[in-house]
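Here's the structure, in structure tokens; my notes come after.
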Protein chains: 2
Amino acid sequence: MDTTQERSEAQDLPYNVFAKACPSRGTLEHVTGRWGALALGALHEHGSLRFNELRRRIDGVSEKMLSQTLHALERDGLVHREAQPTNPPRVDYELTTLGREVAERLIGLIHFVEGRMDDVLTARERYDATRGAR
Amino acid sequence: MDTTQERSEAQDLPYNVFAKACPSRGTLEHVTGRWGALALGALHEHGSLRFNELRRRIDGVSEKMLSQTLHALERDGLVHREAQPTNPPRVDYELTTLGREVAERLIGLIHFVEGRMDDVLTARERYDATRGAR
DNA sequence: CGGCATCCAACCGGATACTG
DNA sequence: CAGTATCCGGTTGGATGCCG
């Protein structure tokens, strides 16, 4: 039974991420992609961040990739970009309502994975011990 | 300088996906990656699938990528692989308990995104209309 | 500060061929 | 059927330089 608004079984929704041509697949990739997930996560924990604040929070992201990532998320309506014409320029990024809902689910996943990493690492050791020695 | 990864607000978990070197980042990428997310999703909806069944369900995945993806998920302890020494060979894949918990959160995210694609597409049109005409 | 343009290396990933 | 191995083209993504 469903505790939330989305169904757990097959659906007659017009969008299906398992279909190659479905636009939802692209959006899912923006959301779950290497940098997209971290950008949404960081913005969710902070409400609003400037470009370089965001960059510092996401260890390892390049300027180019962060810029690209934010554009994709903005275009999909998940992130709002607010530029102030001051000098030096100041640009703030924050989640939209839709973005916040997506980010909440993402954060749940991220925290769950972080919380189970010991299990994952143990599984890896067992896997490598049995199969890895080649 | 050392990249001291302070967690902004969350608990003092030893793993922090925002840190470049944290192993949780790799696992998150396996889980949310282009094919990892769809493999977990498909297995969650079906319980158990053979290699080519899985391949057919995930429109567009190549044999190589699916194989690679399944290995990574198996190594992380999210997917269980069961090979039967019959002829022709039969190999079943299914989620582990941990994998099922991960998949549930992922599915929630996927269905949410699918359910909001109209909003996303509308946002894209607005974005392209204001900036895109160049 | 907050970007975009360009160059270029790395690797991702598809097609193909082959094996058990 | 369930893969592995190899090739190789396209994309990703880092480094650098420049601009408002």
Side-chain angles (χ1 to χ4, degrees), chain A residues 20-21 25-26 28-39 42-43 46 48-75 79-94 127 130-134, chain B residues 3 20-21 25-26 28-39 42-43 46 48-75 79-94 127-128 130-134:
Chain A
K20 184 165 57 179
R25 187 178 281 191
L28 184 68
E29 277 164 26
H30 295 158
V31 167
T32 63
R34 187 172 180 191
W35 304 122
L38 297 178
L43 287 173
H46 279 76
S48 177
L49 287 172
R50 303 177 62 173
F51 185 84
N52 279 320
E53 286 176 339
L54 210 36
R55 186 149 140 60
R56 257 173 268 120
R57 288 224 115 245
I58 304 174
D59 190 18
V61 69
S62 71
E63 183 181 295
K64 177 184 173 183
M65 282 303 102
L66 182 56
S67 173
Q68 211 169 89
T69 298
L70 288 171
H71 276 309
L73 294 176
E74 186 192 359
R75 191 167 102 99
V79 163
H80 175 69
R81 178 180 184 276
E82 181 122 16
Q84 280 150 36
T86 59
N87 190 339
R90 179 192 178 95
V91 182
D92 288 286
Y93 292 91
E94 60 186 341
Y127 183 93
T130 49
R131 321 203 131 216
R134 83 177 82 127
Chain B
T3 56
K20 184 166 54 179
R25 187 177 282 189
L28 184 69
E29 276 163 27
H30 295 158
V31 167
T32 62
R34 189 173 180 189
W35 303 122
L38 297 179
L43 287 174
H46 279 77
S48 177
L49 287 172
R50 303 177 62 172
F51 186 83
N52 279 321
E53 286 175 338
L54 210 35
R55 187 151 140 60
R56 258 173 267 118
R57 287 221 114 243
I58 304 173
D59 191 17
V61 70
S62 71
E63 190 178 288
K64 175 184 170 182
M65 282 302 102
L66 182 56
S67 173
Q68 210 169 91
T69 298
L70 289 172
H71 277 309
L73 294 177
E74 186 192 359
R75 191 168 102 99
V79 163
H80 175 70
R81 178 179 183 278
E82 182 123 15
Q84 280 150 35
T86 59
N87 190 338
R90 178 191 179 96
V91 181
D92 288 287
Y93 292 90
E94 59 187 342
Y127 183 93
D128 292 346
T130 48
R131 324 201 130 213
R134 78 182 72 135

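Proteins come first, then strands; the chains are lettered A, B, ... in the order of their sequence lines, and each starts at number 1.
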Expressed in angstrom and rounded to an integer, what is the separation of [X] atom [atom1] from [N] atom [atom2]?
X     : N      : atom1 : atom2 : answer
B:W35 : C:dG13 : CH2   : C1'   : 9 Å
A:L70 : D:dG13 : CG    : C1'   : 16 Å
B:I58 : C:dG14 : CD1   : C1'   : 16 Å
B:E63 : C:dA15 : CD    : P     : 11 Å
A:N87 : C:dC1  : CG    : C1'   : 9 Å
B:R50 : D:dC1  : CZ    : C1'   : 6 Å
B:M65 : C:dA15 : CE    : P     : 12 Å
A:Q84 : D:dG20 : CD    : C1'   : 16 Å

[Y] and [X], any side-chain heavy atoms less than 4.5 Å apart:
X     : Y     : answer
A:L73 : A:H30 : yes
B:W35 : B:V61 : yes
A:L70 : A:F51 : yes

remark   = Output for pair (B:Y127 OH, A:E74 CD), nearest 0.5 Å, gives 5.0 Å
message = By nearest atom, which of the nucleotides C:dG13, D:dC1, D:dA15 is closest to the A:K64 side chain?
response = D:dA15
message = Return whichever of A:Q68 or A:P89 has its heavy-atom-nearest nucleotide of DNA chain D closer to the 5' end.
response = A:Q68
Below 4.0 angstrom from OP1 or OP2 of [N], is there any side-chain N or O of [X]?
X     : N      : answer
A:R90 : C:dG2  : no
A:R81 : C:dG3  : yes
B:Y93 : D:dC1  : no
B:S62 : C:dA15 : no
A:H71 : C:dG3  : no
B:S67 : D:dT4  : yes

ask   = Should B:R81 and B:D92 count as an ion pair when the cut-off is N to O under 4.0 Å?
value = no
